[in-house]
Amino acid sequence: MTELVVTRFAPSPTGHLHVGGARTALFNWALAQKLGGHFLLRIEDTDQARNSQEAVRGILDDLAWLGIHWQEGPVHAGVGGDPRGVGPFFQSERLARYDAAIAQLVATDLAYPAFDTPEELDALRKAASAEKRAFRYVRAAGWDRSAALARMQREPHVVRLRAPNETIVVHDQVLGDIAFGPEQIDDFVLRKRDGFPTYHLAVVVDDEAMGVTHVLRGPEHLNNTPKHIALQRALGVRTPIYAHVPSIQNADGSKMSKRDKDKAARTLAQQAFAADAGLHARADAAIDAKRLAGWLGNPKSQLETSELDALERVLALDLPSVTVEDFRHAGYLPETVNNYLALLGWNPGEKLADGRDREQFSMADLAQKFALERIGRGNAKFDRAKLLAFSQEALAALADAEWLERWRSWCERYRSGVAASGAEPERVLADPARARVFAASMKSRCATLAAATAPAGPGRFALVADDAFSYDEKAVAKWLAKGEPSGFTILTSVRATIEKLAPFEPTEIEAAVAQFCEASGVGMGKVAQPLRVALTGTAASPPLGETLAVLGRAAVLARIDRCLRETRPT
RNA sequence: GUCCCCAUCGUCUAGAGGCCUAGGACACGGCCCUUUCAAGGCCGCGACACGGGUUCGAAUCCCGUUGGGGACACCA
């Protein structure tokens with residue numbers, strides 16, 4: 001009888017999923033798929049101090065967007081997971097289980113109550129560090145069990161495990177066997193003063209209760225693993241298979257974390273305020289002035305996610321993307337994020353027919369090919385340029401209709417930001433034929449969905465009103481004012497051709513313009529560039545046929561007229 | 001400070017003792033294509049951290065050095 005493979009992702013609800021967490025979730029999901037097992041989601045909300053419903057919702061939403069679905073876990077108002085959803089798996093709702101484990105351990109004298117105050121422990125730690133030795137909690141000599149148990153009934157206390165006096169070997173599937181000597185496992189806390197379990201207890205009890213067979217997690221947990229094994233032995237339960245994946249770092253080698261955004265925001269905000277004191281008024285409208293001042297002055301403080309978002313918006317800060325939501329906002333496809341993340345520390349090890357390594361794969365490929373043996377051991381730096389290149393390629397590979405659908409829903413979700421940039425997606429979306437041309441011409445020109453609406457982006461010209469763009473002076477001088485005949489003259493005559501043209505589609509437009517060139521004996525550039533300047537304000541745009549077709553005849557004529565009116569010297 | 005982990009082009013990586021003159025991708029540079037901007041095609045630049053072993057033979061195994069990362073909470 002083979003055991004059902006169960007993997008899990010167990011985030012604590014402190015904000016949107018960051019890339020490291022997303023990759024861990026993805027790997028766990030993939031392993032379960034590969035082995036025909038279950039992937040479950042468990043919210044580790046045992047810290048009463050930092051814990052938010054909003055964050056839970058955000059994480060669930062992030063996972064659902066990525067397409068990482070759980071067979072077992074929280075059921076949350078239509079977000080992600082299996083509709084049969086077993087759960088909810090919130091540790092805060094499972095306190096009875098942890099207490100039962102504690103009772104068992106205390107009864108067998110494998111755990112004991114301790115009454116030290118946080119201040120006392122703090123003093124001990126300081127003393128240890130002053131003497132340059134490692135602090136290790138040990139039960140005082142002459143400890144009286146029955147007195148302690150009696151005292152436990154009436155005094156606030158924590159419960160600690162009696163750490164075993166033995167070396168514990170972790171059989172890590174990525175790193176190999178790692179030995180931890182007894183001096184590295186002290187009598188750590190299992191249950192806090194507030195009655196909530198610590199992470200260590202909750203994780204061990206739940207992994208056992210949920211039948212978890214494989215634990216894939218970040219490297220920060222490696223040193224916790226011997227503690228977990230010690231606890232499993234005390235409890236008399238199995239030890240799952242462990243695998244620790246390397247961390248994801250910033251370009252400078254520091255660990256990639258949510259704090260990076262906060263730090264970058266402080267620096268950028270200070271610069272912005274220094275450059276323009278008037279910005280203070282705008283910032284004050286968005287977030288509490290006192291909070292803002294406190295945060296600016298104290299590098300250790302952090303803004304709430306909502307405050308940070310508000311500040312980012314009003315000051316137009318360009319903050320680094322670190323969470324899944326950031327990348328979604330930045331216009332990446334979920335499959336691209338998954339693909340890139342998976343490649344950070346894992347690869348399928350396949351060669352393509354042309355000799356290149358397989359780097360691009362789908363979720364289905366991942367589910368089929370994922371294997372622990374191919375997880376790398378070194379840390380990986382997050383390379384935004386490569387992600388962008390992946391995004392570019394994935395977007396270009398989409399069918400026009402698909403691109404359009406993705407772009408439409410992106411625009412809807414981030415409507416306010418799109419509007420703030422001055423883009424009006426409805427302008428092209430309103431007409432299916434024009435929308436399709438837009439999609440086709442944006443696909444190879446946009447590395448992200450957001451690029452299409454960006455203020456200086458390639459789709460800009462099609463998304464603004466006919467009188468809402470300005471003319472690049474240099475382009476006007478070079479392509480309209482100069483030459484014999486001048487661009488203005490050519491514009492006037494080509495206008496007549498355009499006015500009569502039907503159907504108004506890329507191929508026909510291209511042909512008509514080519515014919516016009518032929519007939520009037522001027523080169524293509526002499527016609528195309530003046531048209532581009534008149535239509536988009538600049539000399540750069542998609543091919544002429546696409547540019548005109550996207551705008552539609554009425555807009556094209558209106559823009560030519562406006563250009564003649566506004567830029568032609570009288 | 002103590003403990004743990006890691007180490008191939010700038011970055012992600014392939015590499016399981018001879019297939020390695022170390023392969024691919026991104027980035028970068030050049031050329032081609034071209035009505036502009038892209039996209040695409042071709043070419044180029046570019047790495048086994050260092051020092052000792054083991055072996056007929058080391059990027060690959062062992063030891064040390066150096067460098068990087070992580071952990072040392074009543075956070076997870």
Side-chain angles (χ1 to χ4, degrees), chain A residues 10-14 44-47 49-50 114 116-118 121-122 125 128-129 131-136 156-160 170 172 174-176 178-181 183-184 186 188-194 196 198-200 202-203 218-226 244 246-247 249 251 253-255 340 343-347 349-352 354-360 376-390 392-393 396 441-446 458 475 479 510 513-514 517 523-529 531-533 536 538-544 547:
Chain A
S12 58
T14 54
E44 311 226 317
D45 55 350
T46 56
D47 184 359
R50 21 165 242 173
D116 321 77
T117 64
L121 292 173
D122 206 39
R125 274 193 202 95
S129 120
E131 290 171 42
K132 292 194 185 295
R133 60 186 166 77
F135 172 75
R136 186 165 173 268
H157 61 277
V158 300
V159 176
R160 287 175 181 271
V170 176
D172 189 279
V174 171
L175 269 8
I178 303 159
F180 293 87
E183 72 287 348
Q184 284 175 70
D186 71 349
F188 61 93
V189 173
L190 300 176
R191 190 172 64 193
K192 298 176 265 189
R193 196 171 279 249
D194 64 6
F196 274 65
T198 58
Y199 159 74
H200 305 296
V203 108
E220 66 274 18
H221 291 299
L222 180 58
N223 295 289
N224 292 149
T225 308
H244 291 88
S247 66
Q249 306 174 321
S254 61
K255 189 180 171 187
Y340 181 70
L343 218 43
L344 239 34
W346 180 85
N347 74 80
E350 290 176 356
K351 288 267 188 239
L352 264 14
D354 61 4
R356 302 187 311 163
D357 293 345
R358 174 180 289 287
E359 288 198 322
Q360 252 120 54
R377 293 184 298 178
N379 295 334
K381 291 194 176 77
F382 193 94
D383 183 355
R384 286 161 202 281
K386 185 152 181 170
L387 203 217
L388 201 62
F390 271 38
Q392 164 95 263
E393 241 184 286
S441 92
M442 287 305 109
K443 281 194 333 183
S444 67
R445 264 165 270 266
C446 294
W479 296 108
E510 291 282 354
V513 174
C517 292
M524 182 59 104
K526 290 272 188 214
V527 180
Q529 296 310 86
L531 267 174
R532 287 201 165 86
V533 177
T536 72
T538 75
S541 87
L544 227 44
T547 302

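Just so we're on the same page: letters track the sequence lines, and every chain starts at 1. Fair warning: this is a prediction, and the values are worked out from it, not measured in the lab.
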- Donor on one side chain, acceptor on other, A:Thr536 and A:Ser541, under 3.5 Å: no

- Message: Classify A:Leu531 by what it touches in the nucleic acid, base, sugar-phosphate, or nothing, heavy-atom distance under 4.0 Å.
- Response: nothing

- Task: Choose from B:rC5, B:rU35, B:rC12 the nucleotide whose nearest atom is closest to any side-chain atom of A:Gln529.
- Result: B:rU35

- B:rC12 and B:rA47: how far apart are their C1' atoms, nearest whole angstrom? 13 Å

- Quiz item: A:Asn224 side-chain donor-acceptor pair to B:rA76 base, under 3.5 Å: yes

- Provide the Watson-Crick or G-U wobble partner of B:rG1, both distances under 3.5 Å; none if there is no partner. B:rC72

- Does A:Lys192 put a side-chain nitrogen or oxygen below 4.0 Å from OP1 or OP2 of B:rC75? yes

- Query: Going by heavy atoms in the side chains, are A:Gln184 and A:Pro226 under 4.5 Å from each other?
  - Reply: no

- Rounded to whole Å, CD of A:Gln184 lies from C1' of B:rA73 at a distance of 17 Å

- Message: Need one value for A:Gly349: base, sugar-phosphate or nothing, where a base atom within 4.0 Å counts as base even if backbone is also close, heavy atoms only.
- Response: nothing

- Of all the heavy-atom pairs spanning A:Ala539 and A:Arg532, show the shortest one and how long it is. O-CD, 3.4 Å

- Item | Sugar-phosphate only, base, or nothing, as touched by A:Lys255 at under 4.0 Å among non-hydrogen atoms | sugar-phosphate

- Query: Phosphate oxygens OP1/OP2 of B:rC6: is one of them under 4.0 Å from a side-chain N or O of A:Arg377?
  - Reply: yes

- With distance as the sole test, does A:Lys192 use its side chain to make a donor-acceptor pair with the main-chain N or O of A:Thr46 at under 3.5 Å? yes

- Message: Regarding A:Pro543, tell me which of base, sugar-phosphate or nothing describes its non-hydrogen contacts under 4.0 Å with the strands shown.
- Response: base

- Determine the Euclidean distance between corresponding P atoms of B:rA73 and B:rC63; express it in Å to zero decimal places. 30 Å

- Nearest of B:rC6, B:rA14, B:rA76 to any side-chain atom of A:Ser12? B:rA76

- Query: Checking all strands, does A:Ser129 fall into the base, sugar-phosphate, or nothing category for heavy-atom contacts under 4.0 angstrom?
  - Reply: nothing

- Query: Which part of the nucleic acid, if any, lies within reach of A:Arg125 when heavy atoms closer than 4.0 Å are counted: base, sugar-phosphate only, or nothing?
  - Reply: sugar-phosphate

- Using a heavy-atom cut-off of under 4.0 Å over every strand shown, decide if A:Ala539 touches base, sugar-phosphate, or nothing. base

- Query: Which part of the nucleic acid does A:Arg160 contact within heavy-atom distance under 4.0 Å: base, sugar-phosphate only, or nothing?
  - Reply: sugar-phosphate

- Query: Using a cut-off of 4.0 Å on non-hydrogen atoms, how would the nucleic acid contact of A:Ser247 be classed: base, sugar-phosphate, or nothing?
  - Reply: sugar-phosphate

- Message: So A:Val158, base contact, sugar-phosphate only, or nothing? Heavy-atom distance under 4.0 Å.
- Response: base

- Item | Pair assignment for B:rC26, Watson-Crick or G-U wobble, requiring both distances under 3.5 Å | B:rG10

- Message: When both hydrogen-bonding distances must be under 3.5 Å and the geometry is Watson-Crick or G-U wobble, what is B:rG40 paired with, if anything?
- Response: B:rC32

- State which of B:rU36, B:rA76, B:rC4 makes the closest approach to the side chain of A:Thr198. B:rA76

- To the side chain of A:Lys386, which of B:rG70, B:rG24, B:rG69 is closest? B:rG24

- Message: Regarding A:Asp116, tell me which of base, sugar-phosphate or nothing describes its non-hydrogen contacts under 4.0 Å with the strands shown.
- Response: base

- Given B:rC37, is OP1 or OP2 found less than 4.0 Å from the side-chain N or O atoms of A:Arg532? no

- Query: Within the structure shown, what part of the strands sits under 4.0 Å from A:Glu359 by heavy-atom distance: base, sugar-phosphate, or nothing?
  - Reply: base

- Are any of A:Asn347's side-chain N or O atoms less than 4.0 Å away from OP1 or OP2 of B:rA14? yes

- Look at all strands and tell whether A:Pro11 reaches a base, only sugar-phosphate, or nothing, counting heavy atoms closer than 4.0 Å. nothing

- Message: So A:Arg356, base contact, sugar-phosphate only, or nothing? Heavy-atom distance under 4.0 Å.
- Response: sugar-phosphate

